[in-house]
2 protein chains.
Amino acid sequence: MLSKKTKYAFHALTYLGKNQDKGAILIQEISENYGISHKFLENILLELKKAGFLGSKKGKGGGYYLIKPPNEIALSRIIRLLDGPIALLPCVSLNYYEPCEECENQERCGLNKVMIRVRDETLKILEMKTLQDILEEE
Amino acid sequence: MLSKKTKYAFHALTYLGKNQDKGAILIQEISENYGISHKFLENILLELKKAGFLGSKKGKGGGYYLIKPPNEIALSRIIRLLDGPIALLPCVSLNYYEPCEECENQERCGLNKVMIRVRDETLKILEMKTLQDILEEE
DNA sequence: ATAAAACCTACAAATTATATAGGCTTTATG
DNA sequence: CATAAAGCCTATATAATTTGTAGGTTTTAT
C-alpha cells in the first residue's frame, strides 16, 4: 500500500495542477482542502520541490506551484520519491535493489521471476501514466 | 514491498513443496535452512495451517506438510493472508476495501482509476501463479 | 517595520513489523 | 507409563517505520 505521504503528494500535485493559472498556492489552502495536517504537508511539498517537481515563492503572497508540465510527471517518480521501491521484493527492485539474505541463488529463485513480472506490469502503467492523466479524469 | 513474514511463508511453502514425499518436516529444519528465527517461523506456519494450506503432526516425529496441491496455492492467497491488501490504495482493494477519507468522490478520482489498473494487472499474475510454478522454476 | 509565508531540523507519538518467552498439549518410543 | 520431542497458543518485548508536531530561521510584499 502507498503511504499517506505519497497519497497526500498526489492530492497536492493534483490541486496544484488544477490551479496552475492561479500562481502560487498556499500550503494551507491545500491542507484545508483535503484535511491534511499543515505541517505534515509542508514537509511533503518541500520534498517535491527539492526533487524538481515544484517551485515556490517565499514571503507574503508566496506559495507553491508546478514547475514541470503535468505530462512529464510520471506517477512512478512520485511514488519512488516518497515511498521508495515499487517492486514487491528488494531483489527485483530497479532503483533500490538489494539481494535477499535468505536466497543463495537469486537466478534460481521462482519467486524472484514472478515478482519481476509483477514489477514490469506495474511499471508499464505507473511510468506511462502522468499527472496529466489524473487531471483529465477529474 | 512484501513483509518478511510473507517472504518467509513462501520459503517455507517452497521447502515443504520440495519435500512432499518426506512426510512431516520440522520447523527447525526450515528455519535453519533459511536462517529464519525458529519462533517467528512457528507463528507463520501456524497461520498457514489455520488457513488450510498446511497440516501438522504434533509430538515426537511431528512437523508440517503441505495439505493442498501446490497448483492450488495461488500466490495472491498467501500474500493476502500474511500481508493484507495487494492493492496500492485502500479504495481499490477487493478484499480490504476502505474509502479514502480525503476523497469526496471516489468515482471521479483519477488516482483511483490508475490504481485499479495496477491492481488488476498485478492480480492477473498473482492469482494465476501458484506454488507449483515456483517449484518448477527451482 | 511588520506580518506572512516558505524553509529547515529535530523531535514526539503512534503504528506496525519483527522477534522472543514460556507454558500447554500431543505423541512416539523405550 | 515416563520421558522427550514436537507443535500449539497467547502474551509480551523490541525495533523500525510512519505520521505528525514544534519552533525557530529566512525571505519578501506591503
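Chain naming here is simple, since letters A, B, ... match the order of the sequence lines and numbering starts at 1 in each.
Among the atoms of the strands shown, only primed sugar atoms or phosphate atoms (P, OP1, OP2) are found under 4.0 Å from some heavy atom of B:Lys50. At a threshold of 4.0 angstrom between heavy atoms, the contacts of B:Leu45 with the nucleic acid are absent. Using a 4.0 Å heavy-atom cutoff across all strands shown, B:Leu26 reaches sugar-phosphate atoms only and no base atom. Base engagement by A:Glu42 is indicated by at least one non-hydrogen atom pair under 4.0 Å involving a base atom.
Counting distance only, with no hydrogens placed and no angle test, the side-chain atoms of B:Asn43 and the base atoms of C:dT18 include no donor-acceptor pair under 3.5 Å.
Between the CG atom of B:Asp83 and the P atom of C:dT18 there is a distance of 8 Å, given to the nearest Å. What separates OH of A:Tyr34 from P of D:dT19 is a distance of 18 Å, to the nearest Å. One interatomic measurement links the two molecules: CD of B:Glu47 to P of D:dT10, which rounds to 12 Å at whole-angstrom precision. Between the CE atom of A:Met1 and the C1' atom of C:dT15 there is a distance of 14 Å, rounded to whole Å. In this entry the distance linking NE2 of A:His38 with P of D:dT19 reads 19 Å, nearest Å. Across the protein-nucleic acid pair, B:Leu41 atom CG and C:dT20 atom P stand 12 Å apart, rounded to whole Å. Across the protein-nucleic acid pair, A:Ile25 atom CD1 and C:dA6 atom P stand 11 Å apart, rounded to whole Å. The interatomic distance linking A:Glu29 (CD) with C:dA5 (C1') rounds to 14 Å, in whole Å.
Among C:dA19, D:dG20, D:dT19, the nucleotide with an atom closest to any side-chain atom of B:Ser37 is C:dA19. Closest to the side chain of A:Lys39, from the set D:dG24, D:dT28, D:dC9, is D:dG24. Of the candidate nucleotides C:dA19, D:dT19, C:dT26, C:dT26 has the atom lying nearest to any side-chain atom of B:Lys58. Listed nucleotides D:dG20, D:dC8, D:dT19 differ in distance to B:Ser56; the shortest reach to its side chain belongs to D:dC8.
Ring planes of A:Tyr15 and A:Tyr34: perpendicular class, angle over 60° (limits at 30 and 60°).
Along DNA chain C, the nucleotide closest to B:Phe40 and the one closest to A:Lys60 are compared, and the more 5′ of them pairs with A:Lys60. With DNA chain D read from its 5' end, the first of the two nearest nucleotides for A:Gly59 and B:Gly63 is the one closest to B:Gly63.
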Item to check | Trace of the salt bridge (charged side-chain N to carboxylate O under 4.0 Å, His left out) decision for B:Glu127 with B:Arg77 | outcome: CA-CA 8 Å; B:Glu127 275 177 349; B:Arg77 306 277 290 121; over 6 Å; no
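Using a 4.0 Å cut-off between charged side-chain N and carboxylate O, B:Lys7 and A:Glu102 make a salt bridge. Salt bridge present: A:Glu47 and A:Lys5 bring a charged side-chain N and a carboxylate O closer than 4.0 Å.
With contacts defined as side-chain heavy-atom distances shorter than 4.5 Å, the pair B:Leu75/B:Ile134 qualifies.
Close to D:dC8, at under 4.0 Å from its OP1 or OP2, lies a side-chain N or O of B:Lys49.
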